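Next up is a structure, given as structure tokens.
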Amino acid sequence: MSTSPSPTTVPEARARIDEINERVVELLAERQAIVDALCELKADADRTVRDPEREAELLAHVRSVADEAGLPPTLAETLFEEILAHSVERQRRQRADGAAGPSAEESSAEEPADKATGAVSTCGAQA
């Protein structure tokens, strides 16, 4: 996947890792901005925060891509489970900041409350 030659010194390897880390953080920030926009779109469409089917599809896809790239699929899955959890929490906070609180409909059994806050919302999280 990499087109650059392998580093030949420890400082060179560390510099390349630092560059990659910066790109990963930039991509996560870009993803987060899209999640924020998705939250608004989902709220407008009266959609719930979580979509277990979409989340399962996303994790299966990530595992497949990781496997093809030579990365342990469990590592990719674990990382994306954390990213998804952050997306859900962020969207719940975003929704709570824009509303007085969840309605009875939003607190339905199909949409479990957030473990930490007990909050339930209607923004989408399957980004």
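For clarity, every value in this text was computed on a predicted model and none was experimentally measured. We're numbering straight along the sequence, starting at 1.
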Check ion pair Glu19-Arg23 (N to O, under 4.0 angstrom)
no
Compare every heavy atom of Arg95 with every heavy atom of Ala43, then report the nearest pair and how far apart it is.
CB-NH1, 3.0 Å
Out of curiosity, Arg63 CZ to Glu68 CD, how far, rounded to the nearest 0.5 Å?
13.0 Å
Can you get from Leu84 to Leu28 by hopping between Ile, Leu, Val, Met, Phe, Trp and Tyr side chains that sit under 4.5 Å apart?
yes
Say whether, by atom type as modelled, one donor and one acceptor occur between the side chain of Ser87 and the main chain of Ile83 under 3.5 angstrom.
yes
Separation between CZ of Arg90 and CG of Asp36, rounded to the nearest 0.5 Å:
4.0 Å
Looking at Pro72 and Ala66, what are the two nearest heavy atoms and their distance?
O-CB, 4.3 Å
So CD1 of Ile17 and CD of Glu12: to nearest 0.5 Å the spacing works out to 11.0 Å
Straight-line distance of Glu55 CD to Phe80 CZ, nearest 0.5 Å
13.0 Å
Look up atom OG1 in Thr74 and atom CG in Asp67, then write down how far apart they are to the nearest 0.5 Å.
10.5 Å
Identify whether Leu58 and Val65 are in the same connected component of the hydrophobic contact network (ILVMFWY, side-chain heavy atoms under 4.5 Å).
no
Separation between CD of Gln94 and NZ of Lys42, rounded to the nearest 0.5 Å
13.5 Å
Between Pro7 and Arg16, which heavy-atom pair has the shortest distance, and what is it?
CD-NH1, 3.2 Å
